[in-house]
Every structure is written in C-alpha cells, then in structure tokens.
Amino acid sequence: MPKVKKSMDGSAQRLKASDFDDITKEILTTAITIFRCLVVTRAPFPDSILIETKLAKEAWHEACSAKGINVRLTPGLMKMILKRTSHVRGELKTKMRSLTGSFFGFRANDSREVIRRNRDRAESLKEGSLFAYKDWESKQGIYKTDLLQMGVNHMWFANRNDEGIVYHQYFNPLPVETMALLLASIECCIDEWGTGIKEDVKFSAANYASVYNTHLDSLQRFEEHTAPYKLLEKILFHAGVDFLLASSTGSRVTEEAFDDALLEYEQEMQDEEEEQDERDGTEAQGDM
C-alpha cells in the first residue's frame, strides 16, 4: 500500500488509482463498479456515512472474492470508493436530462409563448407526479411511463459491458429504490424548466434526498394498495429484465391514483376474458 503522497512543500496530495500496485488497482476498479450498483439499488441517498461505509466494505469484499485475493481496505481506498456516491447520481441526472427534455417536449426558445408553455408543462407534470404516468394527459398508466424504461436502458443496459448486464443480479428485478431514484432524477430535470427557460439544477442530496424519499414512500404505498394484483412487482420485473432476456409534497401520489391503477388492471383482465370467450365461441361454431 502506498503512503500518503506529499508535495515538495510537505502538504498532503490526493491519492489516485495510479498510486497503487496493479492488483490493488484492479480490485479498486471492480469494487467501485460494484459500489455504484449497490448505491443505486439500495441507498441512492444514504442517511449516514455508516450506510455508505457498509456498502463500500461489501463492494470491496465482493471484488476481492471475485479476484480470489484478499487486499486490505485502507482509509485512502475507502475514500476513493465513497466519492462515487454523488458521481453516480450526477451521471444518471446527466443522462436523464436529454431524455426528459425531448420526451416531454420542452424547447429552448426566447419566445414568450414557448417559455410560458415550458413553465406550464413543468408545473402540470409535477402535480401529483403526472410525469410518472404512461399517459400524463389522461392520467392513466401510473409508473408505466416509457421514460423510466428509457432511463434504465440508457444508464445501465446500453451495451454488454454496462453495469446492468455484468452485474445483472442487482437489477433483476429492478429494485424499488432504483425506481424512486429514476423518478427523482426525472423530477430534477423537469425542475430545470420550472421558469420556462432551462437552468441547471444540481441533483444533490441537499435538494433531492427528500424528493427521493417521497417517491419511495409513494411506490411502497402503491405496492401495499395493489398487493392482491402484484402490480408493482410486474412493473419492476419488466423494467429490470428486458435487456437480460420541486417539492416533496407535490411529488406525493394519492391513493386515488392507486385505485385508478387497480381499475385499469381489472378492465384489462376483463377485456382479455371477453376476447377469450369470443375466440372460444368462434371455435365452437366452427366445430358444428
């Protein structure tokens, strides 16, 4: 293990991956990748440094096991791993920005009419988390928006070397924590258009940890409300398996939305039964 490097004036310098021997660098690279997966699937906005440290230790242990060698996790290595918590959130936000803007039709334009339309759309999309619906205008298909699947694909399943493919065990099915993180990142991207003119909004813990927790709470309540039909389980499984085979109050989804989701599901089941009855009737007539 390298000692802390010092500059010519005696001050400490920041350690880099290149400061370690080849074996340690290899394990560090693998541990960082695993840590990123653990963060987005278990604790995107950790409540404490203890939680982050626990995830880092688990990632380091997994990396050592994968390489078949045990290397001590030093404070310097720990610090390099922990820096990735905010990095992975920032990366997701950057990738969701362009997807969100084009998906909802936000436009960069100096026209007063366009600015007003951007502002009104951002405001309406955030009301009751309408942006989470497949059809936000008719308020149908909660948590079925194509933007969620697009985000999953773009962030974790873009190619065979991506984290979602290599470490598929963390994403199949997609954890509810990851879904909440995606929703929070989409909301952050919408917030950038809140004035009608695109502005940079940091996807920081200070600004969006509470937003994330609100979405997580809504998803958990949705799961409980629709438990007999396992709707959330179906949505999460679909999101995670495809490629393998401004305020927290405004983000809160109401129980009425969950009731609508149940009605939609029951209607879909009824339509399928009626179609099956029609097919059975047609076949019976053909046998006569």
Side-chain angles (χ1 to χ4, degrees), residues 1-5 13-96 151-185 203-206 208-209 212-213 215-216 236 239-241 243-244:
M1 294 294 109
K3 296 180 180 179
V4 176
K5 295 180 67 178
Q13 290 183 311
R14 182 177 300 174
L15 287 172
K16 305 184 295 295
S18 59
D19 295 326
F20 299 94
D21 60 80
D22 290 343
I23 293 177
T24 303
K25 281 191 288 187
E26 190 174 351
I27 292 176
L28 176 61
T29 300
T30 301
I32 285 174
T33 303
I34 295 174
F35 179 73
R36 284 165 51 93
C37 293
L38 292 176
V39 166
V40 300
T41 58
R42 294 192 194 171
F45 291 92
D47 293 330
S48 69
I49 189 64
L50 291 177
I51 294 176
E52 279 187 279
T53 300
K54 183 178 179 181
L55 294 181
K57 288 179 178 178
E58 182 177 340
W60 187 262
H61 176 74
E62 289 294 327
C64 287
S65 297
K67 301 300 179 183
I69 187 170
N70 188 29
V71 175
R72 189 171 72 89
L73 177 57
T74 65
L77 290 165
M78 173 67 79
K79 187 174 181 180
M80 294 184 71
I81 295 174
L82 293 180
K83 287 193 302 183
R84 269 57 187 187
T85 303
S86 58
H87 287 185
V88 70
R89 289 197 304 258
E91 182 182 336
L92 174 63
K93 158 65 187 313
T94 299
K95 291 185 175 181
M96 293 305 301
V152 169
N153 297 347
H154 199 47
M155 179 68 182
W156 296 291
F157 294 89
N159 60 67
R160 292 188 177 277
N161 295 318
D162 265 359
E163 292 162 353
I165 299 293
V166 178
Y167 297 99
H168 57 84
Q169 66 269 29
Y170 298 114
F171 299 91
N172 183 24
L174 192 75
V176 66
E177 290 85 356
T178 310
M179 176 81 93
L181 174 63
L182 282 161
L183 290 168
S185 70
F203 191 44
S204 64
Y208 285 92
Y212 161 79
N213 285 323
H215 284 300
L216 183 61
L236 294 175
V241 80
F243 271 69
L244 296 176

- Taken to the nearest 0.5 Å, the spacing of Ile49 CD1 from Thr85 OG1 works out to 7.5 Å
- Message: Please report the interatomic distance CG(Leu182) to CG(Leu174), rounded to the nearest 0.5 Å.
- Response: 6.5 Å
- Item | Worked verdict on Arg42 versus Glu58 for side chain to side chain contact (heavy atoms under 4.5 Å, CB included) | CA-CA 12 Å; Arg42 294 192 194 171; Glu58 182 177 340; 2.8 Å; yes
- Side chain of Trp60, backbone of Val71: donor and acceptor closer than 3.5 Å? yes
- Determine the minimum heavy-atom distance between Glu177 and Thr41, stating which atoms define it. OE1-O, 3.4 Å
- Task: Tell me, with the steps shown, if Asn159 and Ile165 meet side chain to side chain contact (heavy atoms under 4.5 Å, CB included).
- Result: CA-CA 8 Å; Asn159 60 67; Ile165 299 293; over 6 Å; no
- Using 30° and 60° as the class limits, which term best fits the ring planes of Phe45 and Phe203: parallel, tilted or perpendicular? perpendicular
- Message: Just verifying a value: how many Å separate Thr178 OG1 and Leu236 CG, rounded to the nearest 0.5 Å?
- Response: 9.0 Å
- Message: Working to the nearest 0.5 angstrom, can you tell me the gap between Lys83 NZ and Ile32 CD1?
- Response: 8.0 Å
- Indicate the atoms forming the closest heavy-atom contact of Ala59 with Ala31, along with that distance. CB-O, 3.4 Å
- Message: So which atom in Glu163 and which in Trp156 form the shortest heavy-atom distance, rounded to 0.1 Å?
- Response: OE1-CD1, 3.7 Å
- Item | Side-chain donor or acceptor of Asn172 paired with backbone N/O of His168 under 3.5 Å | no
- Message: Could you go through Ser185 and Tyr208, starting from their C-alpha distance and side-chain angles, then the distance that decides it, and tell me whether this counts as side chain to side chain contact (heavy atoms under 4.5 Å, CB included)?
- Response: CA-CA 8 Å; Ser185 70; Tyr208 285 92; over 6 Å; no
- Please report the shortest heavy-atom distance between Tyr212 and Ala180, naming the atom on each side. CE1-CB, 3.5 Å
- Message: Does anything in residues 86-96 form a salt bridge (Lys or Arg N to Asp or Glu O under 4.0 Å)? List the pairs, not counting sequence neighbours.
- Response: Arg36-Glu91, Glu91-Lys95, Lys93-Glu192
- For Val39 and Arg84, run side chain to side chain contact (heavy atoms under 4.5 Å, CB included): C-alpha distance rounded to whole Å, both residues' side-chain angles, the deciding distance at 0.1 Å, then the answer. CA-CA 9 Å; Val39 166; Arg84 269 57 187 187; over 6 Å; no
- Query: Which atom pair, heavy atoms only, marks the closest approach of Met78 to Thr53?
  - Reply: CE-CG2, 3.6 Å
- Item | Leu82 CG to His87 NE2 distance, which is reported to the nearest 0.5 Å | 11.0 Å
- Query: Are any side-chain N or O atoms of Asp21 and backbone N or O atoms of Ile23, one a donor and one an acceptor, separated by less than 3.5 Å?
  - Reply: yes
- Message: How long is the straight-line distance from CD1 of Ile81 back to NZ of Lys57, given to the nearest 0.5 Å?
- Response: 11.5 Å
Side-chain donor-acceptor pairs of residues 61-70 under 3.5 Å, sequence neighbours excluded:
from, atom 1, to, atom 2, distance (Å)
Ser65, OG, His61, O, 3.0
Lys67, NZ, Glu26, OE2, 3.2

- Closest contact, heavy atoms only, Val40 versus Val88: CG1-CG2, 3.7 Å
